[in-house]
Structure formats: C-alpha cells, structure tokens
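Each chain gets a letter, A, B and so on, in the order the sequences are listed, and its residues count up from 1.
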Number of protein chains: 2
Amino acid sequence: MTPQRESVMAAVTQLVHATPDQVADAVPGVDLTTVYRTLETLEHIGLLAHTHLGHGAPSYRLAADDHVHVVCHRCSSVIDAPAGLADQLSRQLAEERGFILDRSHFTVFGTCADCAAGSSHD
Amino acid sequence: MTPQRESVMAAVTQLVHATPDQVADAVPGVDLTTVYRTLETLEHIGLLAHTHLGHGAPSYRLAADDHVHVVCHRCSSVIDAPAGLADQLSRQLAEERGFILDRSHFTVFGTCADCAAGSSHD
DNA sequence: ATAGCTGCAAACGGTTTGCCTCACA
DNA sequence: TGTGAGGCAAACCGTTTGCAGCTAT
C-alpha cells in the first residue's frame, strides 16, 4: 500500500461512484496513468469493483458496497438499488444455465418514473 | 433509404450482432463515419437496437430480434436468452419504482457454466 | 435552390504502452 | 541490487465533428 494507493482508495470511498478521471481530479499530484493502474490493482485484489453506468467511462466503487445500479438513460440519474433486486434473475440463470451472475457488474437501463411521467422531451 | 443504409441493414441482419467496425468491414466502400451515422439513424427509427457486450464497442442488432444478453467475462461468450428472462425484474422495477426497464439494452455479466467448471485460469 | 446524405480529415475522450527513474526490500 | 511503483509522453481505439461535394427533390 503506497501513498498513491491510499489516496485512490480514500477518493473512491468519498466519491462513492467515481470514474478514473474524477478520481484523478480528487487526488492531485497522482498521475492519471497511476490512477488507472491503481484502480485495476485494487479491483484485482477485491477492494474495488466497477460497472458501466452509461456510454462513457466506467464507475468505480468499494467492492464491499454491494448494490446494483438502475440508470435512466433519459436524465442519466443513477439509482442504487439493493443487491437483492438481482436475486431472482441470479437464481434463474444459475438453475437454468449454471451461469453465475456477477452482481458487482450489474446495471440495468431504462426510463425513471420522473422521466416517464413528464414524457414530453425525447 | 439510401443504398448505404440498405447495405448497413443487410450487414447487421447477417451478422446478428455487430460493432460499427464489423459493419464497416462488411460494407466495403461505405465510410466508417457513414456507418456510425446510419446505425444511429436506423436505431432512432426503431429498426436497430444496440447494447454493450463488454468493454469495447457497442453491438448492434435488429430491434425486432427481442432477446437479452448474458455475457461471460471470462471467455467472452455471449448467450442470447429469451427476453422473458428480464420479466420478473422488469415487473419489480415498475411496481416498486415506476421504472420502465429497457430490455433492448439489457445485458448481464458473469461466469458461464463452462468457465465455472474448469475454473483453473484467472 | 434546398435539404439531406456521403466522404474525408481532423479532433476528441478515454485508455494503454514504453521507457526511464526512484524507493525500498 | 533487483523488483515493483510512479511519472511523463506518445500511441491507440472508438467515436464525433467540420466541411465540402453530391443527389434528388
């Protein structure tokens, strides 16, 4: 655990969800390359997890923070839902196909209630 | 419907799942930029849909081909599962949160049976 | 004439690579 | 003194933008 790694962990902890770019901004003095390499390392040893919350950069968070993501692609809001939301699907995939769902990577897209209500704009 | 658009539709139909790059390879003489713009247009008018099957480029397919994707991130295999797989989750999100799940964009990740069995590597 | 589509080239965002340096076992 | 971590710059991939030419109203 180098100082840079401690800083990156601290930044992700504080930001809850963070792209590599956001992490780099939060840890001035640490090179962006180092941020990428560090995020990868920390994920590999199981401290962090990432998922894709949209078209851009991936979002990192603490692996211990076990929840799934529900993203509105109209307003881009991200809802953190309890991990249990994926349980039934997870069970079904396991039973029918022996497939082990990775919940940490689980994100679904759609239209949130607010956007569905005021569904004027595209 | 220009000739280029017909070609792109034909290519996606034939490839089943195709990245913009793969489409461009399948339609020589059509510029990559045109492929991007055409895929976007065809998606907008409801003929195509795309989802993200991994870290790289998005994958386009016919919108009429209504299924969800299950991806093994160990061997990168893509399983096309019936759209019904998402029904329970879809219902739950609608009831609890008024969230309308977009099935065309639905992809889940995990470890397939084969990789889970021979789980030596990585 | 006008509007929309195409091609080409350049810009762009996000990420990775190569290489050289430094710190510490 | 050798191994791993960090910094910097350049390459890289996928995508978008600007612009000019073409085609079919």
K.L.:
Are B:L101 and A:V71 joined in one hydrophobic group, where the rule is that I, L, V, M, F, W and Y side chains link up if heavy atoms are under 4.5 Å apart?
P.N.:
no
K.L.:
Show the atom names and distances, to 0.1 Å, of all donor-acceptor pairs under 3.5 Å that link a side chain in residues 87-97 of chain B to residues at least two apart or in another chain.
P.N.:
residue, atom, partner, partner atom, Å
B:D87, OD1, B:R103, NH1, 2.9
B:Q88, NE2, B:Q92, OE1, 3.3
B:Q92, NE2, B:E96, OE2, 3.3

K.L.:
With a 4.5 Å cut-off on side-chain heavy-atom distances among I, L, V, M, F, W and Y, is there a chain of contacts connecting B:V68 to A:V70?
P.N.:
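B:V68 and A:V70: one cluster.
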K.L.:
If only side-chain N and O atoms count, and only distance matters, is there a donor-acceptor pair under 3.5 Å linking A:D21 with A:T19?
P.N.:
no
K.L.:
Of A:T2 and B:P58, whose nearest nucleotide on DNA chain D comes first from the 5' end?
P.N.:
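The residue closer to the strand's 5' end, by nearest nucleotide, is A:T2.
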K.L.:
For B:T34, does its backbone N or O pair with a side-chain atom of B:Q4 as donor and acceptor, under 3.5 Å?
P.N.:
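Not a single qualifying donor-acceptor pair exists.
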K.L.:
Among C:dT15, D:dG6, C:dT6, which nucleotide has an atom closest to any side-chain atom of A:A57?
P.N.:
C:dT15
K.L.:
First locate atom CG of B:L15, then atom CG of B:L62, and finally report the distance between them rounded to the nearest 0.5 Å.
P.N.:
10.5 Å
K.L.:
How are the rings of A:H55 and B:H105 set to each other: parallel, tilted or perpendicular (split at 30° and 60°)?
P.N.:
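Perpendicular.
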K.L.:
At how many degrees, to 10°, do the end axes of the helix from C:dA1-D:dT25 to C:dA25-D:dT1 meet when each uses five pairs?
P.N.:
10°
K.L.:
How close or far is atom C1' of C:dC5 from atom CD of B:E6, stated in whole angstroms?
P.N.:
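Answer to the nearest Å: 14 Å.
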K.L.:
Calculate the interatomic distance between B:Q4 atom CD and D:dT23 atom P; express it in whole Å.
P.N.:
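It is 11 Å, rounded to the nearest whole Å.
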K.L.:
Whole-Å distance between D:dT16 C1' and B:L39 CG?
P.N.:
14 Å
K.L.:
Please check if A:V12 and A:V16 belong to a single hydrophobic cluster, counting links between Ile, Leu, Val, Met, Phe, Trp and Tyr side chain heavy atoms closer than 4.5 Å.
P.N.:
no
K.L.:
Round to a whole Å and report the spacing from NE2 of A:H55 to C1' of D:dT15.
P.N.:
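From A:H55 NE2 to D:dT15 C1': 12 Å.
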K.L.:
Tell me the interatomic distance from B:I45, atom CD1, to C:dC5, atom P, rounded to whole angstroms.
P.N.:
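My rounded result for the distance is 10 Å.
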K.L.:
Taking the side chain as every heavy atom from C-beta outward, state whether A:R5 and A:T2 have any pair of such atoms under 4.5 Å apart.
P.N.:
yes
K.L.:
Without decimals, in angstroms, what is the distance between A:H52 NE2 and C:dG14 P?
P.N.:
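Value for this atom pair: 13 Å.
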K.L.:
Find the distance B:H44:NE2 to C:dG4:C1' and express it as a whole number of Å.
P.N.:
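From B:H44 NE2 to C:dG4 C1': 16 Å.
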K.L.:
Which residues, if any, of residues 24-37 of chain B bring a heavy atom under 4.0 Å of DNA chain D?
P.N.:
B:L32, B:T33, B:Y36, B:R37
K.L.:
When the distance from CD of A:E40 to C1' of C:dG14 is rounded to whole Å, what number comes out?
P.N.:
15 Å
K.L.:
Just call it for A:P3: base, sugar-phosphate, or nothing, with non-hydrogen atoms closer than 4.0 Å on any strand.
P.N.:
nothing
